[in-house]
Enquirer: 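Take a look at this one; I'll ask things after.
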Amino acid sequence: MSNSSASAGNVVVIDSGLSSAWNTGRLVYQHDFYGNDNDVMVANANTHGALVTAEILENAPDVGIIALKVMPDDGSGASEANIEKALQWVVANADAYNVTAVNLSLGGGAQTTAATTSISDELAALAAKRVLTVAAAGNSGDGGVTQGVSSYSADVNQICVSASTGDGAFPSWAQRSPSLTDVCADGTDVRITNLSGVTYTANGSSFAAPAVTAAVAKAQQAWVEQTGTRLTQDEFLDLARSTGKAMGTAGYFELDTDALMAKIAQSAPVATEQSATTVIVNASGAPAGGVNAHFKLLVDGKTVGQATVDSAAKDYSFTTNLTAEQAHKVQIRYDNDGFVNGQDRNLFVNKVTINGTAHSPTAANVTYDKGALDGKDVVKGQSSMWWGGTLVVDAPAKDFPAQNFPVGAAPANTTITVNASGAAAGGVNAHFNLLVDGKAIGGATVGTAAKDFTFATNLTADQAHKVQVQYDNDAVVNGQDRSLFVNKVTINGHAVAPTASNVTYDKGALDGKDVVKGQAGLWWNGALVVDADKSWFPSATATTMAATQVGDAQDAVYQHLMTQGLEAASAHPDHATAALDHTGGADLYGHFAALDQHIDPLHHYDAA
């Protein structure tokens, strides 16, 4: 099995498994949540999942495939519990596996309004990650008399696909709803060719959804190449509507992938020169209730980093990429003002230095926005941050010069995510600083629940770096042991376990002494050190990781998962079904009819 990523990212197919008779493409990962093993291949040559996967690959041949099987080998139906387990895996691994889309050609029910199910929280989590889930609307349309779609496709955090005829009309069996259907795609006589060269025709919304899934993957690839970010669900649908073909039934449109991709190509943003910017905030604070003051650093309203301050004045350094030769607002937001048992928690900002230019908190270009950062209650700048407000530096364009970097030394747009949790002591939670090559990038205070803490910085490209998670407030208070646990460090999409071979733990001071193998529990107030390879820091000319770089990360994660095994998540016993029929499938028709499911009939296609 290859775990390298295709250029268009990886697509997850949650279905009945795969077959050796059909193209499985670049199979990045597979797991059977029904049989609880790592083999999704089944004896049924024309199993539903194999055809769905083959259709995705015919429309987007560059994608990698992640096959998650949720049904018995006969494909007779999937429990919602298994579907939820599969989606929980996707949520946990979407970043490491560069997942761009999920295909759910599964159905059941006829919802007339937006609905939630046990998988709604997973769908919401994926939407937040800009991983778009595509769901089939179903095949019990009753000639359009009933305006409803399948239960999964009625969730607001996925793309509901109704089957069309491909020429502006609906087949009689197509489920649709003017308020719930997001897009239509041809689901009648869809031609799919197996590895023996035999072409079949397939019918059903199960085969309309894969065309949309493929379009999502291609659109995300193009958008990332142009902007460095993925499309949200709403952004994709806006593009699809504006380029789609209006149907004969008002309010519906058919997907036009070629027009969609052409519009994305025309929407390429104009390149702007960048300023590799360093902001240093010199600050101190007064604690209350054993908790120190905390601030977030924003630029033009976007969070760059955060820090918890001590009673002694100290420099807190942050780096980011900003548009060059343009003025920016640098904002220090005090976000945990409080008064506890007579103690007043306070933050004091002494100086803000931007690319070497120092700004006093009382300078003419500095203001203080009390309370919410909303442009109201704005007064002259001051060092003492009463009222939990934001100190705003109106930094002139000259503070952000453009840089011409020598080849191989351009700053890379780097994102580092630390997944961590902790145990409190004396009412104070564990805190860590994130450093790269010994230089502070930011910090965070962790809670008892595991959470992602994300930091953005610029690092020299094509050069190895040491990413260091430094635990800085270890203590035992009244028998309570304050502890920090690091579960995972993700660097530009490369996920690293704390016990990986390139991770060490430096006990006590970060001095290269008392160094042991990496571990999740950061006892001894030390630093977890990730020796990150230079390939993890691509040139600034590339807005995303190259496919081989993503593949390296996935190889590491795959080996870890294979070694550790997959944990079965708790799920619900509700029932969902997937439908497929081929020649001689009359018995299946009766079974699915009893479940209020329309069959996706499959027939041999006689080529001309």
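Note that these values count all heavy atoms, side chains included, but never hydrogens, waters or copies made by symmetry.
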Enquirer: Measuring only between side-chain heavy atoms, which start at C-beta, is D121 closer than 4.5 Å to E84?
Expert: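 D121 reaches E84 side chain to side chain.
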Enquirer: Working note: R130 + T229, criterion side chain to side chain contact (heavy atoms under 4.5 Å, CB included); need CA distance, chi angles, decisive distance, verdict.
Expert: CA-CA 9 Å; R130 302 193 178 193; T229 62; 4.1 Å; yes
Enquirer: Look at atom CG of N341 and say whether more than 12 heavy atoms of other residues, nucleotides or ligands are closer to it than 6.0 Å.
Expert: no
Enquirer: Kindly determine whether V352 and V279 satisfy side chain to side chain contact (heavy atoms under 4.5 Å, CB included), including the steps that lead there.
Expert: CA-CA 7 Å; V352 181; V279 179; 4.1 Å; yes
Enquirer: Among D472, N473, T308, find the residue that satisfies the side-chain hydrogen bond (donor to acceptor under 3.5 Å, both in side chains) test when tested with N433.
Expert: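 Output: one option passes, namely D472.
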Enquirer: Strictly by modelled atom types, are T277 and T320 linked by a side-chain donor-acceptor pair under 3.5 Å?
Expert: no
Enquirer: Quick one: does any side-chain atom of Y316 pair with a main-chain N or O of A283 as donor and acceptor, under 3.5 Å?
Expert: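 Looks like no, no N/O pair under 3.5 Å.
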Enquirer: State whether the side chain of N419 and the backbone N or O of N487 hold a donor-acceptor pair below 3.5 Å, judged by distance alone.
Expert: no
Enquirer: Quick one: closest heavy-atom pair of S421 and L484, and the distance?
Expert: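 In this case the closest contact between S421 and L484 is O-CD1, 3.6 Å.
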Enquirer: Would you indicate whether the side-chain heavy atoms of T367 and V392 approach each other to under 4.5 Å?
Expert: yes
Enquirer: Just say parallel, tilted or perpendicular for the rings of H31 and Y29, cut-offs at 30° and 60°.
Expert: parallel
Enquirer: Partners of D481 by side-chain hydrogen bond (donor to acceptor under 3.5 Å, both in side chains), sequence neighbours excluded?
Expert: none
Enquirer: For the pair N355 (side chain) and T278 (backbone), establish whether a donor and an acceptor sit closer than 3.5 Å, ignoring hydrogens and angles.
Expert: yes
Enquirer: Pairs in or reaching into residues 326-338: which pass side-chain hydrogen bond (donor to acceptor under 3.5 Å, both in side chains), with residues at least two apart or in two chains?
Expert: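 As it turns out, the side-chain hydrogen bond (donor to acceptor under 3.5 Å, both in side chains) pairs with a partner in residues 326-338, which skip direct neighbours, are H294-D335, D300-H328, K329-D394, Y334-D337.
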Enquirer: Grab the two heavy atoms, one from A395 and one from I354, that are nearest each other, plus how far apart they are.
Expert: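 Result for this residue pair: CB-CD1, 3.7 Å.
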Enquirer: So do the side chains of T100 and Q221 get within less than 4.5 Å of each other, counting heavy atoms only?
Expert: no
Enquirer: Could you walk me through whether L510 and Q470 satisfy the side chain to side chain contact (heavy atoms under 4.5 Å, CB included) test, starting with their C-alpha distance in whole Å, then the side-chain angles of each, then the deciding distance to 0.1 Å, before giving a yes or no?
Expert: CA-CA 8 Å; L510 183 56; Q470 186 178 47; 4.0 Å; yes
Enquirer: When rounded to the nearest 0.5 angstrom, what distance separates CZ in F236 from CD in Q220?
Expert: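 Those atoms lie 8.0 Å apart.
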Enquirer: Can you list everything that forms a side-chain hydrogen bond (donor to acceptor under 3.5 Å, both in side chains) with D533? Sequence neighbours excluded, please.
Expert: S535
Enquirer: Under 3.5 Å, is there a donor on one side chain and an acceptor on the other for D155 and S120?
Expert: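 The answer is yes; a qualifying pair exists.
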Enquirer: Look up atom CD in Q306 and atom CG in L298, then write down how far apart they are to the nearest 0.5 Å.
Expert: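 So the gap between those two atoms works out to 10.5 Å.
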Enquirer: If you draw a 6.0 Å radius around NZ in K129, do more than 12 non-hydrogen atoms from other residues or ligands fall strictly inside?
Expert: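 Count over threshold, so yes.
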Enquirer: What is the distance from atom CG of N292 to atom CZ of R345, rounded to the nearest 0.5 Å?
Expert: 8.5 Å
Enquirer: Do the ring planes of F453 and F432 sit parallel (below 30°), tilted (30 to 60°) or perpendicular (above 60°)?
Expert: perpendicular
Enquirer: Is any side-chain heavy atom of V90 less than 4.5 Å from a side-chain heavy atom of L68?
Expert: yes
Enquirer: Can you tell me if N478 has over 12 outside heavy atoms packed within less than 6.0 Å of its CG?
Expert: no
Enquirer: Donor-acceptor pair, R482 side chain versus A425 backbone, under 3.5 Å?
Expert: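 Yes.
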Enquirer: Identify the two heavy atoms, one from F33 and one from A86, that lie closest to each other, and give their separation to 0.1 Å.
Expert: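 The answer is CE1-CA, 3.7 Å.
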Enquirer: Walk me through it: do V496 and W536 pass the test side chain to side chain contact (heavy atoms under 4.5 Å, CB included)?
Expert: CA-CA 12 Å; V496 185; W536 296 12; 3.4 Å; yes
Enquirer: Give a yes or no answer on whether the side chain of D369 reaches the backbone of G375 with a donor-acceptor pair at less than 3.5 Å.
Expert: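 Yes.
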Enquirer: Looking only at atom types and distance, does a side-chain atom of Q88 sit under 3.5 Å from a main-chain N or O of E122, one as donor and one as acceptor?
Expert: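 No, Q88 side chain to E122 backbone: no donor-acceptor pair under 3.5 Å.
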Enquirer: Does the D374 side chain pair with the main chain of K376, one donor and one acceptor, at a distance under 3.5 Å?
Expert: yes
Enquirer: Drop me the distance from D399's CG to E325's CD, to the nearest 0.5 angstrom.
Expert: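 Atom-to-atom, D399:CG and E325:CD are 12.0 Å apart.
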Enquirer: Do N525 and D474 get their side chains close enough for a donor-acceptor pair, meaning under 3.5 Å?
Expert: no
Enquirer: Less than 4.5 Å apart, any side-chain heavy atom of L132 and any of Q158?
Expert: no
Enquirer: So, taking the atom named CG in N346 and the one named OG in S311, what distance separates them when rounded to the nearest 0.5 Å?
Expert: 12.5 Å
Enquirer: Would K466 and D531 count as a salt bridge (charged side-chain N to carboxylate O under 4.0 Å, His left out) if you check the C-alpha gap in whole Å, the side-chain angles of each, and the deciding distance to 0.1 Å?
Expert: CA-CA 5 Å; K466 291 184 181 293; D531 285 311; 2.4 Å; yes
Enquirer: Write down the atom of A288, the atom of G338, and the distance for their closest heavy-atom approach.
Expert: CB-O, 4.3 Å
Enquirer: Ignoring hydrogens and angles, tell me if any N or O in the side chain of N10 forms a donor-acceptor pair with the backbone of Y97 under 3.5 Å.
Expert: yes
Enquirer: Would you say that V309 contacts S284 through its side chain, given a criterion of any heavy-atom pair below 4.5 Å between the two side chains?
Expert: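 No, every pair of side-chain atoms sits at 4.5 Å or beyond.
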Enquirer: Looking only at heavy atoms, which two atoms of F537 and T460 are closest? And how far apart?
Expert: CB-O, 4.1 Å
Enquirer: Within a strict 4.5 Å, meaning less than it, do heavy atoms of the V469 and L434 side chains meet?
Expert: yes
Enquirer: How close do H431 and T445 get, counting heavy atoms only, and between which atoms?
Expert: CD2-OG1, 3.3 Å
Enquirer: With a 4.5 Å heavy-atom cut-off, do V516 and Q519 have their side chains touching?
Expert: yes
Enquirer: For the atom pair CD1 (I416) and CG (N492), what is the distance rounded to the nearest 0.5 Å?
Expert: 7.5 Å
